[in-house]
2 protein chains.
Amino acid sequence: MGYLRDKKFLIDFGKNLKRIRVEKNISQAELAYSINVEISQISRLERGQLNSGIYSVFLIAKYLKVSPKELFDF
Amino acid sequence: MGYLRDKKFLIDFGKNLKRIRVEKNISQAELAYSINVEISQISRLERGQLNSGIYSVFLIAKYLKVSPKELFDF
DNA sequence: TTTAATATAAGCAAATTTGCTTATAATTAA
DNA sequence: TTAATTATAAGCAAATTTGCTTATATTAAA
């Protein structure tokens with residue numbers, strides 16, 4: 001990640017994702033396994049350490065049974 | 001992009017982005033220049049050829065003066 | 001507390017995106 | 001039609017994400 005990147009957006013996104021995932025009682029491992037991505041990706045994404053691609057977001061939203069929109073609703 | 005990736009989401013996302021951008025009378029070049037990304041990225045993104053990071057989406061939404069949510073509203 | 005489950009951390013290779021560039025095609029304006 | 005603007009295309013290096021792995025820390029349950 002470029003050093004000039006404003007991380008607030010990524011951190012807020014991650015927090016929102018985590019909130020929704022926890023609300024649905026789904027572990028990082030379950031989510032990761034179900035959509036075929038690595039736990040480490042979910043972990044890093046939730047902590048704002050990763051600028052994931054929109055396709056991963058789409059898969060995550062799908063498994064969490066929310067619209068991708070909702071993951072950006074913060 | 002992995003060969004198994006379902007491209008429909010990326011293509012739909014791109015179309016929606018293009019629709020919004022054109023509605024606002026903003027060229028790919030203007031958008032790209034304004035948020036410091038390459039025109040080729042915008043072009044590829046709009047055609048669903050690219051799984052851009054959410055941070056780029058955030059920047060794009062910001063310049064287009066829409067919520068990131070709106071880019072996923074399709 | 002002790003155990004089990006969950007989450008965070010970090011390193012490395014492979015895959016992908018991004019920046020940069022040049023060229024061509026398509027669209028719009030004159 | 002012609003010129004100008006805008007969009008698409010493609011190749012390459014650099015940067016970043018992702019997959020894979022092992023290890024540690026935190027949280028929840030017994």
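Computed over heavy atoms, backbone and side chain alike; hydrogens, waters and symmetry mates excluded. Just so we're on the same page: letters track the sequence lines, and every chain starts at 1.
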Item to check | Whole angstrom value for the distance that separates P of D/dA7 from OH of B/Tyr33 | outcome: 17 Å

Checklist entry - A/Phe72: what forms a ring pair (Phe, Tyr, Trp, His ring centres under 6.0 Å) with it, not counting sequence neighbours? => result A/Phe13, B/Phe72

Item to check | Listed partners of B/Ser56 passing side chain to side chain donor-acceptor pair (under 3.5 Å), at least two apart | outcome: none

Next on the checklist: Expressed as a whole number of angstroms, how long is the span from B/Asn51:CG to D/dA15:P?
Outcome noted: 21 Å

Checklist outcome for this item: In whole angstroms, the gap separating P of D/dA7 from CZ of B/Arg19 amounts to 16 Å

Table please: side-chain donor-acceptor pairs of residues 32-41 of chain A below 3.5 Å, with sequence neighbours left out.
residue	atom	partner	partner atom	Å
A/Ser34	OG	A/Glu30	O	2.6
A/Ser34	OG	A/Tyr63	OH	3.3
A/Ser40	OG	A/Arg44	NH2	3.3

Checklist entry - Would B/Leu10 end up clustered with B/Phe74 when hydrophobic side chains under 4.5 Å apart are linked, directly or stepwise? => result yes

Item to check | Rounded distance in Å - CD1 (B/Ile54) to P (C/dT17) | outcome: 15 Å

Next on the checklist: Tell me the interatomic distance from A/Asn25, atom CG, to D/dA28, atom P, rounded to whole angstroms.
Outcome noted: 12 Å

Item to check | Protein-nucleotide distance (A/Ile35, atom CD1; D/dG19, atom P), rounded to Å | outcome: 9 Å

Which side-chain N or O atoms in residues 17-24 of chain B pair as donor and acceptor under 3.5 Å with protein atoms at least two apart or in another chain?
residue	atom	partner	partner atom	Å
B/Arg19	NE	B/Asn16	OD1	3.3
B/Arg19	NH1	B/Glu23	OE2	2.9
B/Arg19	NH2	B/Asn16	OD1	2.7
B/Arg21	NE	B/Glu46	OE2	2.6
B/Arg21	NH1	B/Ile26	O	2.7
B/Arg21	NH2	B/Glu46	OE1	3.0
B/Arg21	NH2	B/Glu46	OE2	3.4
B/Lys24	NZ	B/Leu64	O	3.1

Distances under 3.5 Å between protein N/O atoms and the N/O atoms of nucleotides 4-7 of chain C, please, pair by pair.
residue	atom	partner	partner atom	Å
C/dA7	OP1	A/Arg21	NH1	2.8
C/dA7	OP1	A/Arg21	NH2	3.4
C/dA7	OP2	A/Gln28	N	2.7

For nucleotides 20-25 of chain C, print each protein N/O atom paired with a nucleotide N/O atom at under 3.5 Å, atom names and distance only.
residue	atom	partner	partner atom	Å
C/dC20	OP2	B/Glu38	OE2	3.4
C/dC20	N4	B/Ser40	OG	3.2

Next on the checklist: Without decimals, in angstroms, what is the distance between B/Gln49 CD and D/dG11 P?
Outcome noted: 12 Å

Next on the checklist: For a quick test of reading the model, state the closest non-hydrogen atom pair linking B/Ala61 to B/Ser67 and the distance between them.
Outcome noted: CB-C, 4.0 Å

Checklist outcome for this item: Contacts of A/Lys69 meeting salt bridge (Lys or Arg N to Asp or Glu O under 4.0 Å) (sequence neighbours excluded), chain-then-number -> B/Asp73

Item to check | Separation of D/dA7 C1' from B/Glu30 CD (nearest whole Å) | outcome: 15 Å

Next on the checklist: If I take atom NZ from residue B/Lys8 and atom NZ from residue B/Lys15, how far apart are they, to the nearest 0.5 angstrom?
Outcome noted: 8.0 Å

Next on the checklist: So A/Phe9 and B/Ile54, do their side chains get closer than 4.5 Å, heavy atoms only?
Outcome noted: yes

